[in-house]
Number of protein chains: 2
Amino acid sequence: MKIMNTRPTMDDVAEKAGVSQMTVSRVMNGKGYISEEVRGRVRAAAAEIGYVQNRLARGLRSEKTPLVAVVLPTLGNSVFNDVLSGITDALTQAGCRPVFGVTEYSEEKEDELVRDLLSWRPSGIVLTGLEHSDITRAAIAAAGVRVAEIMDIDGTPISMAFGMSQSAAGHATAKHMLAQGLRRFAYAGSHSGRDLRAGKRLEGFRRTLREAGATLLSENISPNPSSMMEGRRMTAEILSRPDKPEAIYYSNDDLATGGIMHCLSNGVRMPEDIALAGFNGLPFLEALPVGLTTVETPRYEMGKQAGQFLSRPDPDLADDTGKVIDLGFNLIAGQTC
Amino acid sequence: MKIMNTRPTMDDVAEKAGVSQMTVSRVMNGKGYISEEVRGRVRAAAAEIGYVQNRLARGLRSEKTPLVAVVLPTLGNSVFNDVLSGITDALTQAGCRPVFGVTEYSEEKEDELVRDLLSWRPSGIVLTGLEHSDITRAAIAAAGVRVAEIMDIDGTPISMAFGMSQSAAGHATAKHMLAQGLRRFAYAGSHSGRDLRAGKRLEGFRRTLREAGATLLSENISPNPSSMMEGRRMTAEILSRPDKPEAIYYSNDDLATGGIMHCLSNGVRMPEDIALAGFNGLPFLEALPVGLTTVETPRYEMGKQAGQFLSRPDPDLADDTGKVIDLGFNLIAGQTC
DNA sequence: GGCCAGTATGTTTACGTAAACATATAAGTA
DNA sequence: TACTTATATGTTTACGTAAACATACTGGCC
């Protein structure tokens, strides 16, 4: 019995099967001509000694890997879980695997992360949003990887973007609220406003209010991460002010749900005393006693299509450059405005 | 100007800096003696030509990688998002990166996935639960990677387990419900019962009922994935039967929340007409008008500790074998029983 | 019979890195 | 002075694989 101090290689399989290493490689990858008899012998030998291919060596030699780098701002938000789920499903179908990291909405961390992920020589990379530093852009250009930018389409993509117009979502929400006769607004966001997409929604919202002559009394940005409790706290604070708004636009459903909690607990009527609107259309909203007015987003689909794009074999890169796929959104009129 | 058809290597940096490739390697990895002057020259040269290390080559040569394989049943459940978040945080701190895949609660997919992930020669692997096929066990043993098993501690871990006792959670829930004077129960689960941990909870629940002489009228297992709508549908069905139970134990909070929705919509009082209990203690429960009785689980912490264990440098493997870290749980008595 | 195309296999080499070993200078020490 | 020690660098090699190229055998066709 041969003692294996290291993991078996193709050479070990080759010796066992009485063929050359290259023949083992051909059997494993299904390339080139192999007789049925040899194929069987090699398969049996590989199974017997428990051969597992070494993807590092494979990637090094063939200069390509079935890896796709995924850069997300956070995992602490179910939005990006849906996105990651879509990406993973698409990649898995194509035999690729995601390697990911989170930036926590920081540009420096994005630069660092992109650089690190590119050291794995992935065949593609998924970025969140369209705003990236020159450092990141240069690194990606030098690496020559395919890029999919998700969530946002308000801007010029490096290669291809799968998302929706964030400013249009802000606009649509404002229009809907204005149509209810609301005139005096407040905005509530979180994370020190580092979420650029939330910023774009706010901008669309703000512009639409201005055009209608309505007032945005205050823009409240918490330094804390988004959560229901934070939304509740912010709502209590906003409603305690002398110039109380008629409506609050939140940067997402979590904060808005916190608003609903505050109102329910304090006998504040929605929308009579205060109108509320959120963003994302998360599934748990269905279970709330009050239907939140919000904008439903195609989260899974963005991830899925981005994943499919990156795992599409040998596509014509030139054709895709600067293209945008608008996956749209859906304003859901609830009971809060 | 030199034309780069391929990505720059250490040799390119070395040429530019007027040193040998090995010196570049030493500067990059901070190993061995390097004069300040040369270090500066190499750094500058690397920055100028945009050198990015090739982790495939590094891993191949050094026979180790900063990768950790992560095997989860699904991403479509915020439980595993929390877990993944904990794992990612711990690994990132230690300079490691997760490569993951999902099994969809299938043993065959787990076997396939583990095999595939091991081909990246990770330094560790995270598995969900303690039940794994002989194929997976053999593959892991042959690979010699460290293993962390998460979520469950009812059994014998391969190396180390970070979780909680699922059957104890089922027992605790049953005990609490029995203490409310409830005697006639139904169980509602999903996913064809493929979730082994839900099975263990049910078993603990069932046993405790039996010991108390109470009745488990029916065990309802939906073939569909868990969701609020599925829970609502199942609840409606269970309550429409002639032998209506006094209480329903759900396999998780999503299903239980669906039960709450059904009750609220149909004027069914909780707990008078029907008592409900869930599992997980997800954050959105706080926003519901009725406080669900549930068991809060240390999801993030399980992932975090598993990640820390796997990224701990050069630990004494022998010491950890078969060890279990019980992170406990917390029964939250709500208004539903 | 000679030649081509298709089939089946082997040999050599290179991918980019780090381990192992070798070399060289300067500074301290017996 | 000779001899160690610390510091600073270079050379050779191997990690496991697949591309490129070479070889050999088969059967069909003119």
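Quick note on labels: first sequence line is chain A, next is B, and so on, each numbered from 1.
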[atom1] of [X] versus [atom2] of [N]: gap in Å, rounded?
| X | N | atom1 | atom2 | value |
| --- | --- | --- | --- | --- |
| A:Lys31 | D:dA18 | NZ | P | 8 Å |
| A:Arg41 | C:dA8 | CZ | C1' | 12 Å |
| B:Met28 | C:dA18 | CE | P | 10 Å |

Flag, side chain of [X] to backbone of [Y], donor-acceptor distance under 3.5 Å:
| X | Y | value |
| --- | --- | --- |
| A:Arg146 | A:Met160 | no |
| A:Glu110 | A:His132 | no |
| A:Ser20 | A:Ala14 | no |
| B:Ser119 | A:Asn54 | no |
| A:Arg41 | A:Ala17 | yes |

Original post:
Can you say whether the rings of B:Phe100 and A:Phe100 are parallel (under 30°), tilted (30 to 60°) or perpendicular (over 60°)?
Top reply: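 Rings of B:Phe100 and A:Phe100: perpendicular, over 60°.
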
Original post:
In terms of the angle between their ring planes, are B:His191 and B:Tyr105 parallel, tilted or perpendicular, with boundaries placed at 30° and 60°?
Top reply: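 Ring orientation of B:His191 relative to B:Tyr105: tilted.
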
Original post:
In B/S/- notation, 5' to 3', how is nucleotides 11-17 of chain D contacted by protein heavy atoms closer than 4.0 Å?
Top reply: B-BBBBB

Subject >> A:Arg39/A:Glu36 salt bridge by N-O under 4.0 Å criterion >> reply: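 Yes, this pair counts.
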
Subject >> A:Arg115, CZ atom: more than 12 neighbouring heavy atoms under 6.0 Å >> reply: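 Open: at most 12 neighbouring heavy atoms sit under 6.0 Å from CZ of A:Arg115.
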
Subject >> Interface residues of residues 94-101 of chain B with DNA chain C (non-hydrogen, below 4.0 angstrom) >> reply: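 Going residue by residue through residues 94-101 of chain B, none turns out to have a heavy atom under 4.0 Å of DNA chain C.
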
**OP:** Return no unless some side-chain N or O of B:Ser35 is found under 4.0 Å from OP1 or OP2 of D:dT7.
**Re:**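 False: B:Ser35 side-chain N/O out of range (4.0 Å or more) of D:dT7 OP1/OP2.
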
**OP:** May I ask you to verify if any side-chain N or O of B:Tyr33 is less than 4.0 angstrom from the OP1 or OP2 atom of D:dA8?
**Re:**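 For D:dA8, neither OP1 nor OP2 has a side-chain N or O of B:Tyr33 closer than 4.0 Å.
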
Subject >> Side-chain heavy-atom pair A:Thr103, A:Pro73 within 4.5 angstrom cut-off >> reply: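 Yes, close enough: below the 4.5 Å cut-off.
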
Strictly under 3.5 Å: I want the nitrogen or oxygen pairs between protein and nucleotides 23-29 of chain C, one per line.
none

Subject >> Contact list for residues 119-142 of chain A, test salt bridge (Lys or Arg N to Asp or Glu O under 4.0 Å), sequence neighbours left out >> reply: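 Counting only pairs at least two positions apart or across chains, the salt bridge (Lys or Arg N to Asp or Glu O under 4.0 Å) contacts touching residues 119-142 of chain A are A:Glu131-A:Lys200.
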
**OP:** Mind jotting down which residue pairs meet the salt bridge (Lys or Arg N to Asp or Glu O under 4.0 Å) criterion with at least one end in residues 76-104 of chain A? Sequence neighbours excluded, please.
**Re:**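 Listed once each, the pairs are A:Asp82-A:Arg299, A:Arg97-B:Asp116, A:Glu104-A:Lys109.
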
Original post:
Could you state the interatomic distance from CD1 (A:Ile135) to CG (A:Asp111), rounded to the nearest 0.5 Å?
Top reply: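 That separation rounds to 4.5 Å.
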
Original post:
Through what angle, rounded to 10 degrees, does the axis of the helix from C:dG1-D:dC30 to C:dA30-D:dT1 turn between its ends, using five pairs per end?
Top reply: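 What I find for the helix from C:dG1-D:dC30 to C:dA30-D:dT1 is an axis angle of 60°.
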
